[in-house]
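To start, the structure itself, in structure tokens.
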Amino acid sequence: MTTGEKIAALRKGHNITQEQLAELLGVTRQSVSRWEMDLAFPETEKLIRLSRLFSCSIDYLLSDVIVRDSPDDAKITADTCVSFIRECGYFFLATCSDSRPRLRPLGMILSDGQDLFIVTDSRKSVSSDLARNGSVELASYNLTSGKWIRISGTAEKDDSPVCHELVFSSYPVLRKKYAEGREIFLAVYRIHPEKVSIV
């Protein structure tokens, strides 16, 4: 996978358009397009900003390796989980409501270094499922490496201003979607990982 392909996959995984990424980095949309088509290469300063924005290493952006060797389960941190999932571009969330499992694809995930956070809308059924039963499992598969990450834990809604600011800084596009008066529909769930494996 080339640097351009990784930038495109990470951008799409964050639900950010080329225009939005260009605005965040202070470049033109054409520059982002040229990077993603491997017709041009980001400057060092832009690579640093991309790595911070997408919570990945510069080494990941530059190397041919998609996923490094699996760390021991004891060394898997919340940040490791987020990096793995963002490299995949998506994850599946399994909930259990009325004794029936439900599986959904999601894309927005972040970490505060200790817990994971997933983002959805309070008007969606996933919010009501999590309100009834906070037991969840997350899974993501990397097509290139053939590795899975599986996370079991408990989810609880976190409406704190600090949590919302963490979400908005990780996903700037949400500031417009949940502008003043609509933020009540933003649903952020803190997940306490209980069991994590990368296989």
Side-chain angles (χ1 to χ4, degrees), residues 1-73 75-93 104-113 115-120 138-151 166-177 191 193 196-199:
M1 193 176 229
T2 67
T3 296
E5 289 169 334
K6 290 177 185 178
I7 292 170
L10 289 165
R11 175 181 62 75
K12 291 172 187 172
H14 282 73
N15 295 323
I16 297 175
T17 65
Q18 286 185 342
E19 291 84 359
Q20 290 166 332
L21 181 57
E23 185 178 326
L24 289 168
L25 298 175
V27 298
T28 64
R29 188 205 59 79
Q30 290 79 8
S31 292
V32 173
S33 177
R34 290 176 57 80
W35 296 343
E36 292 183 359
M37 293 188 299
D38 291 306
L39 298 174
F41 198 78
E43 300 167 0
T44 304
E45 178 217 344
K46 303 303 184 219
L47 283 170
I48 293 168
R49 292 179 70 185
L50 284 165
S51 73
R52 288 180 182 154
L53 178 67
F54 295 134
S55 299
C56 67
S57 68
I58 294 174
D59 180 55
Y60 165 73
L61 291 171
L62 298 176
S63 71
D64 293 333
V65 178
I66 300 297
V67 179
R68 277 78 51 207
D69 291 336
S70 295
D72 297 330
D73 286 357
K75 296 180 184 175
I76 300 175
T77 65
D79 289 337
T80 304
C81 294
V82 169
S83 293
F84 185 102
I85 291 170
R86 286 185 175 174
E87 288 172 13
C88 297
Y90 68 96
F91 65 98
F92 291 97
L93 174 71
R104 301 168 175 85
L106 294 175
M108 293 188 191
I109 188 166
L110 56 144
S111 161
D112 66 357
D115 291 325
L116 302 172
F117 297 86
I118 59 172
V119 184
T120 187
L138 288 75
S140 192
Y141 179 70
N142 188 299
L143 290 170
T144 306
S145 69
K147 294 185 179 182
W148 280 95
I149 187 168
R150 289 187 171 92
I151 304 163
L166 178 65
V167 168
F168 289 141
S169 64
S170 296
Y171 295 98
V173 69
L174 291 177
R175 282 196 194 274
K176 290 181 184 175
K177 182 174 181 181
I191 297 177
V196 180
S197 63
I198 296 176
V199 292

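With rounding to the nearest 0.5 angstrom, the NE2 atom of H14 is 7.0 Å from the OG atom of S170. The CD atom of Q18 sits 10.0 Å away from atom OG1 of T28, with the distance rounded to the nearest 0.5 Å. Here the OG1 atom belonging to T2 is positioned 14.0 Å from the CH2 atom belonging to W35, to the nearest 0.5 angstrom. From C88, atom SG reaches atom OH of Y141 across 9.5 Å, with rounding to the nearest 0.5 Å.
Proximity of a side-chain donor or acceptor of Y171 to a complementary backbone N or O of I109 within less than 3.5 Å is detected. R49 places a side-chain N or O within 3.5 Å of a backbone atom of L25 that can act as its donor or acceptor partner. With hydrogens and angles ignored, the 3.5 Å screen pairs a side-chain donor or acceptor of Q20 with a backbone N or O of T17. A distance-only check finds a donor-acceptor pair linking the side chain of S169 to the backbone of L166 [under 3.5 Å].
For the pairing with L138, the side-chain contact (heavy atoms from CB on, under 4.5 Å) check across I149, I151, L106 returns one residue only, I151.
Here the closest heavy-atom approach between residue V196 and residue C81 is recorded as CG1-SG, 3.7 Å. Pairing each heavy atom of V82 with each of S111, the nearest pair is CG2-CB, 3.6 Å. Considering all non-hydrogen atoms of both residues, L50 and L21 come closest at CD2-CD1, 4.1 Å. The minimum heavy-atom distance between P42 and I7, with the atom names listed, is CG-CD1, 3.9 Å. A pairwise comparison of heavy atoms in K6 and L61 identifies CD-O, 4.0 Å as the closest pair. The two residues L53 and R86 come nearest to each other via the heavy atoms O-NH1, 4.1 Å.
Residue pairs satisfying the salt bridge (Lys or Arg N to Asp or Glu O under 4.0 Å) criterion with at least one member in residues 23-38, sequence neighbours excluded, are listed as follows: R11-E36, E19-R29.
Side chain to side chain, T80 and S83 fail the donor-acceptor criterion of an N or O pair below 3.5 Å.
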